Student: 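Quick one: the structure is below, questions incoming.
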Amino acid sequence: MLLGTVLVLLLGGAAPASAHAALRSTDPDDGSVVRQAPRHVTLTFTESVGLLDDSFRIYGPDQHRVRTGEARHTDGRSDTARVGLPRKLTQGTYTVAWRVVSSDSHPVSGAFTFSVGKRTATSAQIGAGPSEDPLTGALHDAARYLTYLAAALLIGAVAFALLCRPADTSPLRRPLVGAWWTLLGSTVVLLFLRAPYEAGAGPAAAFDASALLRTLGSRPGWALLARLVILLLTAVFLVRLAGSRERRRPAVLAAGTALAVALALTWAAAEHASAGIQVPVAMTSSVLHLVATGVWLGGLVALLLTMRRVSGDVLREVVPRFSRIAFASVTVLAVTGLYQSWRGLGTLSALTGTSYGRLLLTKLVAVTVLLMAANYSRRWTDRLAAPVAAAARTAVPGRVPEPVGAPARPETTERTGPGEPAPGDAAPDDPAPDDPAPGHPATGAGDPDAQRRFLRRSVLVEVAVAAVVLLITTLLTTTLPGRAQAEAAQRAPVGALPPTSLTVVPFDFGGSTGSTLSDRGTVYVTLDPARVGDNGIQAVVHGADKGPILVPEVRITFTLPSRRIGPIDAGLTDAGGYWGTNAVNLPLPGTWTMKTTVRVSDVDQVTVTKKVRIVP
């Protein structure tokens, strides 16, 4: 059991791991120079993607946005995105910013450049800021976390009532109602935040009617709508269940199971299981994983609430039943979690070589604590159930309720005289079976109240740690898995150049130059291709008003302190509007120190230091 739990919680999660689409290739190639202007810009991804109204933003050499056609898929392939370009494009470097939505419902974005005829300086600020609005992202992630928590509690509490059959289910009514309303509210929030989350806009965009209509026509929107419908059916089921005492009827169990599976499908249909390799197996695994998670973790909360209200005799029946159900759930989680991890990671090296893998290792710390608490709970569960087993062997039937699954005992019809022990009863001077041994301190093993108290505390720890594990899992759903990352790297377009390095260098003379030029500004330094060997440099100076300005001189030098190389003077020349050169030889890879000196008069100049990365 412990090994299975380690496998599922280390390699799996309470929710399916995200498999964001990664950019596989671009046409034109990133950093390439083409002789003739292309008619289209085409992107190919590692999985299916959805397109937005503003999926492409293309800026020309003059930094003005180029008018493009509507983004479409290429030849019906859902893993591509294409946009048409004007017939005549001027010579120079173009910057392409793109944003699409992965099949797992998460937006991904990026930028690249290509040049027509020749490379020119570019200062388009694409992708320099966050890829999404921070407030929208925070609200969206919080709502996702609440849906996981509420669904787990809803499924687990109902399963606990139907399978463990506590005599009094009143402690579960308020948590069930709270979980239902929480899941309903967080689902509505996700539905309204879907459009601004995809577009990277602020929360105010959630009230745009046209954006909401687009959401309702997308697969994530359909899944959220289906979840709302299922929640309404679940409410009817819960009302009928509360007024019925026939919780053991097969029809009731079947209806509850169908609703739990349908609810889990609303996540699987919009998450990564619906795209990529082995979709039917992945969908089945995802549904089983979510349902088993709810039965186990939600059942822990239900057990904790039940322990506070019912008597010890009832707990001695309920706790062993839940222990068996939890064992079955963990077995399902182990199998499905191992499969989902293989599907997401691809290789063991991705555990330490990717952010996704390192998050999984972080989860192991929380899992270790959870295993310790689970083992402690199991010990107290065995002690709590021990009196029932002992009573079943010695007592007259009817005096103590028989545990579920216990073998029938022959009836005892003869009793001894007054004061004499019945056959099998312990002698008056014999210690009770659960009493501590002589010379050992009392641990509460023989006290039913103490047993319940210790078990309740350990289960409370399990619930708290499980909430942390769910939180880490929510972070995993926003992280690129190792398999997608490796696939994108292995299938990079042949001959593609490394991305152009753009370094933003702000400068400030402190308002004391007395020059007619701006005392503050920014130098945009483009290093192409930012690799060992000859590099081209273009430096464009902008003033405080963000417009380009002319200065008497811009000088750039490079130093590699770790190898004591430099300074190497780039030897920039005035190219009419910008300073540049095409022949700067940087002989070794590493992090170089780039010093940019801007002179605005014969005596006023400022030097700013930045780090740049040169790849082999």
Side-chain angles (χ1 to χ4, degrees), residues 23 25-26 28-35 61 91-95 110-128 353 485-486 488-507 522-541 551-599 605-616:
L23 183 62
S25 64
T26 67
D29 289 342
D30 185 9
S32 64
V33 179
V34 296
R35 293 184 178 180
Q91 286 191 338
T93 299
Y94 290 79
T95 303
F112 68 97
T113 63
F114 70 92
S115 302
V116 177
K118 64 178 181 178
R119 293 189 180 96
T120 58
T122 177
S123 60
Q125 295 300 286
I126 305 300
Q485 182 175 329
Q490 292 173 357
R491 302 192 182 187
V494 178
L497 296 176
T500 299
S501 171
L502 176 63
T503 305
V504 180
V505 184
F507 63 87
T522 305
V523 184
Y524 298 100
V525 181
T526 303
L527 187 62
D528 186 12
R531 64 185 301 174
V532 171
D534 288 337
N535 285 266
I537 297 180
Q538 297 85 34
V540 182
V541 184
V551 296
E553 184 182 16
V554 176
R555 186 169 65 254
I556 295 179
T557 61
F558 294 89
T559 304
L560 186 60
S562 62
R563 305 299 289 271
R564 297 183 179 181
I565 297 178
I568 300 176
D569 191 344
L572 302 182
T573 58
D574 188 352
Y578 70 94
W579 293 77
T581 181
N582 292 321
V584 179
N585 187 1
L586 302 177
L588 294 175
T591 301
W592 289 69
T593 299
M594 182 180 72
K595 290 185 177 181
T596 303
T597 301
V598 180
R599 183 169 63 84
Q605 66 181 34
V606 63
T607 300
V608 181
T609 299
K610 289 284 186 176
K611 300 291 185 181
V612 295
R613 180 68 179 172
I614 302 300
V615 299

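Remember, predicted model here, so these are calculated numbers, not experimental data.
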Student: Nearest 0.5 angstrom please: T559 OG1 to I568 CD1, how far?
Tutor: 7.5 Å
Student: Taking only residues two or more places apart in sequence, or in another chain, which ones meet F114 in a ring pair (Phe, Tyr, Trp, His ring centres under 6.0 Å)?
Tutor: Y94
Student: Considering all heavy atoms of both residues, which atom of P61 and which atom of Q91 are nearest to each other, and what is their separation?
Tutor: CG-O, 3.5 Å
Student: Is there a side-chain contact between V523 and W579 in this structure, where contact means two heavy atoms from C-beta onward sitting under 4.5 Å apart?
Tutor: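 No - every pair of side-chain heavy atoms lies 4.5 Å or more apart.
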Student: For the atom pair CG (D569) and OG1 (T557), what is the distance rounded to the nearest 0.5 Å?
Tutor: 6.5 Å
Student: Taking all non-hydrogen atoms of both residues into account, name the closest pair between L560 and P589 and its distance.
Tutor: CD2-O, 4.3 Å
Student: Give, for atom CE of M594 and atom CG of L586, the distance between the pair rounded to the nearest 0.5 Å.
Tutor: 11.0 Å
Student: Quick one: list whatever passes side chain to side chain donor-acceptor pair (under 3.5 Å) with K118, sequence neighbours left out.
Tutor: none
Student: For T522, which residues count as a side chain to side chain donor-acceptor pair (under 3.5 Å) partner, sequence neighbours excluded?
Tutor: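 Counting only residues at least two positions away or on another chain, T522 forms no side chain to side chain donor-acceptor pair (under 3.5 Å).
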Student: Give, for atom CD1 of I537 and atom CZ of F558, the distance between the pair rounded to the nearest 0.5 Å.
Tutor: 3.5 Å
Student: Given 3.5 Å as the limit, does a donor-acceptor pair link the side chain of N535 with the main chain of A530, or not?
Tutor: yes
Student: Could you walk me through whether L527 and T503 pass the side chain to side chain contact (heavy atoms under 4.5 Å, CB included) check?
Tutor: CA-CA 8 Å; L527 187 62; T503 305; over 6 Å; no
Student: Do you know the tightest heavy-atom contact between A570 and T581?
Tutor: O-CG2, 3.5 Å
Student: If the condition is side chain to side chain donor-acceptor pair (under 3.5 Å), which residues does E553 pass it with, not counting sequence neighbours?
Tutor: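 For E553, the residues satisfying side chain to side chain donor-acceptor pair (under 3.5 Å) (neighbours in sequence not counted) are R555, R599.
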Student: Could I get the full list of side chain to side chain contact (heavy atoms under 4.5 Å, CB included) partners for V608, not counting sequence neighbours?
Tutor: V505, F507
Student: Enumerate the residue pairs fulfilling side chain to side chain donor-acceptor pair (under 3.5 Å) with a member in residues 606-616, sequence neighbours excluded, ordered by first and then second residue.
Tutor: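 Sorted result for residues 606-616: T591-R613, T593-K611, T597-T607.
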